[in-house]
Every structure is written in structure tokens, then in C-alpha cells.
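Okay, structure first, notes after.
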Amino acid sequence: MRYLCALAILVGIPLQPIFAQQNPYFVTYDHRMEEPQNLEISTQSTVGIPKGDLPGYLGQLLEIEYGVTPRWSSALYLEGASQRHDSTVFTGFRLENRFKVLKGEHRINPVLYFEYENINEASRIKKEILGHAEPSNESLQEPKQETARELEAKLILSSDIKSWNVAGNFIVEKNLSEDEGFEFGYTLGMFHPLSGKSAWCRLCQSISVGAELYGGLGSTDQFGFKDTAHYIAPLLVWNFAANQAVKVSPGFGLTTVSDRMLLRFGYVYELNGFGHRVSKLFRSRS
């Protein structure tokens, strides 16, 4: 019941509409930046179904992203986690900045991503898969005492090929709280908006489908695929309003140390011209 309540809160927040096609990916980033002065509020839930007798869990993420310039987007993430027959805890925050390297659209569009993380070991959102997999049946109360401050960087390469988007990310993360090396990971994604001119397929014009492949690449101590988790995940996104979308992605584990499934749900709401409204409000009061 606790999982259902938390999921309902995160996925079904009732808000009123104002914007355009949303990024369909959960783990992969493409080259699309937040429009300047726009504010995007999104939620993401990851239901983890492990193998064996390990407990199921729910990772929760709230993202608030702002378009600073046409080539710079900045975001704040807040995280929480629940575990079966255990507890619900706050697991920390992340600060993200993305910078588009080149102006305009190109055959390949590079984006640089930098993130500061202040999260504890109870985190279950699995926003990315890094390093070596370490399945655990610990209570969330124990690892939440261990806070890690980490820096993460991504090289994002993204291309629009006709109506398809193809994107790949290479991820590097360094734990600043421990004397250890770097961890590595990757994501590959592709999506395609459906379309149709006939009346029976009007719904198709608001739907995108695709898939992601993501996983860990070990660390500086042992780079490669040994003892790493990998997932393949189909995507479905429904842009049911000009500024709102819901999306779902069941990720299936591909290795023995992967979870059986990572079922992800998301909701996106965009406030068009948020920065202009705030500026206007302050000018009117001054």
C-alpha cells in the first residue's frame, strides 16, 4: 500500500496546463535543452524488482529544471526511497548543469553534463548505472547514515536522423568522500514520435516510442563488464497536453547481477515563460 500511495503522489500530481514535446528518456540525455526562461517540474519513480529473496524497493525523484540560456540548462533533484517491509527515507539532492557545445543543429550535437551529488547509500532511484553491481538486502536505516559527495560528468552525443533521435552518453563519477577511483557507465537511446493523418490515429501524433540500453562499465580498479548490471528498456511517452507528458519504461536486467526489472514511471509539467513572469512580478512590486 505504501508503494501505491507514493507512486500515486509522484506520477499523478494534478496540475493545470501551458508546452511541447518532452524528452522521452529516463536515463539517456539528448541534445535538447530547456527553453530559456522556462521551468520544468518532473517526477520519476523507479520500482525495483530484484532477483531471489532481496526486498523490492521504490526510488523517488523530483526534478526542477530551468532554462538559463539557449545552451545552458540547470536543475535541482530531490530524492527519496522506500523498501518493502522497511521504511521511507530522504536520500539527498543533486545539482545538475548541462552545456550545449555548438550553436544550432548539427549531424552530431555534443553536450557536456556536470552534476554534484550529496546522496546517501540508501538511494534507490538508479538515475544511472555505474561501476560494479552490489545487490543488497540492508535496511534503509543503515545506509542512510553514509552520505557520499560525488561529482559526475557525462559526454552526451545526440543526432536527429529524419524523425528519429539517437543519443549516447558516457558517464564518469568520482566519490569525493572516499579515497577511491572513478566509476564508469554508459547509456544508449533512440526514440521516434508516431504520426498519422487519419482520424483514427490522431492519438498517434502525441505518442513517442523508443528504447534505452544502459549499464555499468566498472571502475579504474577494474574497467569492463565483469560484475556489472545492464538493462534494456522500451519507452512509451504520451504528450497528452501542450505542456504535460507521462512516460513509462520497463527495464529488463541482462546480467546475473542485474535486478530482474526496473519499472520506471514519470510525469512532466512545463511552465512556459516562468522567468519572465517572476521578473515582471518583482518589477511590479518595486
Side-chain angles (χ1 to χ4, degrees), residues 2-3 6-7 10 26-27 43-63 75-96 113-154 169 171-187 214-223 225-231 251 253 255-265:
R2 180 169 56 208
Y3 290 112
L7 199 60
L10 283 173
F26 279 95
V27 182
T43 63
Q44 180 177 322
S45 300
T46 301
V47 178
I49 305 173
K51 297 173 182 175
D53 59 355
L54 295 176
Y57 57 85
L58 170 66
Q60 303 150 306
L61 188 71
L62 172 67
E63 176 189 1
L76 166 68
Y77 296 89
L78 301 176
E79 281 191 37
S82 301
Q83 190 160 278
R84 188 181 181 190
H85 304 313
D86 195 351
S87 57
T88 298
V89 298
F90 175 70
T91 55
F93 69 91
R94 305 168 187 246
L95 295 172
E96 167 205 303
Y113 174 111
F114 301 98
E115 181 178 272
Y116 171 75
E117 304 172 6
N118 188 312
I119 56 178
N120 58 53
E121 298 297 326
S123 175
R124 295 292 187 271
I125 190 61
K126 297 197 174 180
K127 186 170 174 283
E128 57 277 313
I129 306 297
L130 293 165
H132 299 280
E134 299 178 0
S136 172
N137 60 359
E138 277 188 304
S139 166
L140 294 183
Q141 294 298 327
E142 299 172 27
K144 84 167 190 176
Q145 309 300 328
E146 304 174 27
T147 299
R149 295 173 177 83
E150 300 173 333
L151 286 179
E152 180 179 290
K154 296 180 183 180
N169 305 170
I171 312 168
V172 181
E173 184 175 271
K174 178 71 172 78
N175 189 337
L176 304 177
S177 304
E178 301 287 343
D179 186 16
E180 56 185 38
F182 294 85
E183 291 187 314
F184 306 101
Y186 74 94
T187 77
Y214 49 88
L217 291 174
S219 64
T220 47
D221 293 332
Q222 187 182 47
F223 183 83
F225 295 103
K226 185 177 181 181
D227 298 327
T228 57
H230 302 266
Y231 299 88
T255 62
T256 56
V257 293
S258 304
D259 284 344
R260 190 180 309 280
M261 178 182 285
L262 296 178
L263 181 58
R264 302 183 191 267
F265 299 89

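Side-chain atoms are counted along with the backbone in the values below, which use heavy atoms only and exclude waters and symmetry mates.
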Validation row: Pro55, His85 side chains within 4.5 angstrom (heavy atoms): no

With side-chain contact (heavy atoms from CB on, under 4.5 Å) as the criterion, how do Glu63 and Lys127 come out once you've worked through the C-alpha distance, each side chain's angles and the decisive distance to 0.1 Å? CA-CA 12 Å; Glu63 176 189 1; Lys127 186 170 174 283; over 6 Å; no

OH of Tyr186 to CG of Asn169, rounded to nearest 0.5 Å, is 12.0 Å

All heavy atoms of Val257 vs all of Asp227, minimum pair found to be CG2-C, 3.9 Å

- So do the side chains of Thr46 and Arg124 get within less than 4.5 Å of each other, counting heavy atoms only? no

Salt bridge (Lys or Arg N to Asp or Glu O under 4.0 Å) with Arg94: of Glu173, Glu150, Glu117, only one passes, and it is Glu117

If we count only N and O atoms by modelled type, under 3.5 Å, do the side chains of Lys126 and Tyr214 hold a donor and an acceptor together?
no

Would you say Leu76 and Leu95 make side-chain contact, with heavy atoms under 4.5 Å? yes

Item to check | Min side-chain heavy-atom separation Glu134-Glu121 under 4.5 Å | outcome: no

Below 30° counts as parallel, above 60° as perpendicular, anything between as tilted: where do the rings of His230 and Phe225 land?
tilted

So CD1 of Ile129 and CG of Leu217: to nearest 0.5 Å the spacing works out to 11.5 Å

Heavy-atom nearest pair, Ala229 first then Ser258, reads CA-OG, 3.4 Å

Contacts of Lys174 meeting side-chain contact (heavy atoms from CB on, under 4.5 Å) (sequence neighbours excluded), chain-then-number -> Leu176, Phe182

Rounding to 0.5 Å, atoms CZ (Phe93) and CD (Glu79) come to a distance of 11.0 Å

Smallest heavy-atom separation, Leu58 atom then Ser45 atom, equals CD1-CB, 3.9 Å

d(Leu78 CG, Ile125 CD1) to nearest 0.5 Å is 12.0 Å

So NZ of Lys226 and OG1 of Thr255: to nearest 0.5 Å the spacing works out to 13.5 Å

Heavy-atom nearest pair, Leu140 first then Ala81, reads CD1-O, 3.8 Å

For Asn175 and Arg149 the tightest heavy-atom approach is OD1-O, 3.5 Å

- Do the side-chain N and O atoms of Thr187 and Glu128 include a donor-acceptor pair separated by under 3.5 angstrom? no

I'd like to know whether NZ of Lys51 has more than 12 heavy-atom contacts from other residues, nucleotides or ligands below 6.0 angstrom. yes

Tightest non-hydrogen contact, residues Thr228 and Gly218, listed as CG2-N, 3.7 Å

Handout entry: Donor-acceptor contact present, side-chain Tyr231 to main-chain Asp259, <3.5 Å
Key = yes

dist Ile171:CD1 -> Glu183:CD (nearest 0.5 Å) comes out at 11.0 Å

In short, ring pair (Phe, Tyr, Trp, His ring centres under 6.0 Å) pairs touching residues 113-141 with sequence neighbours left out are Tyr29-Tyr113

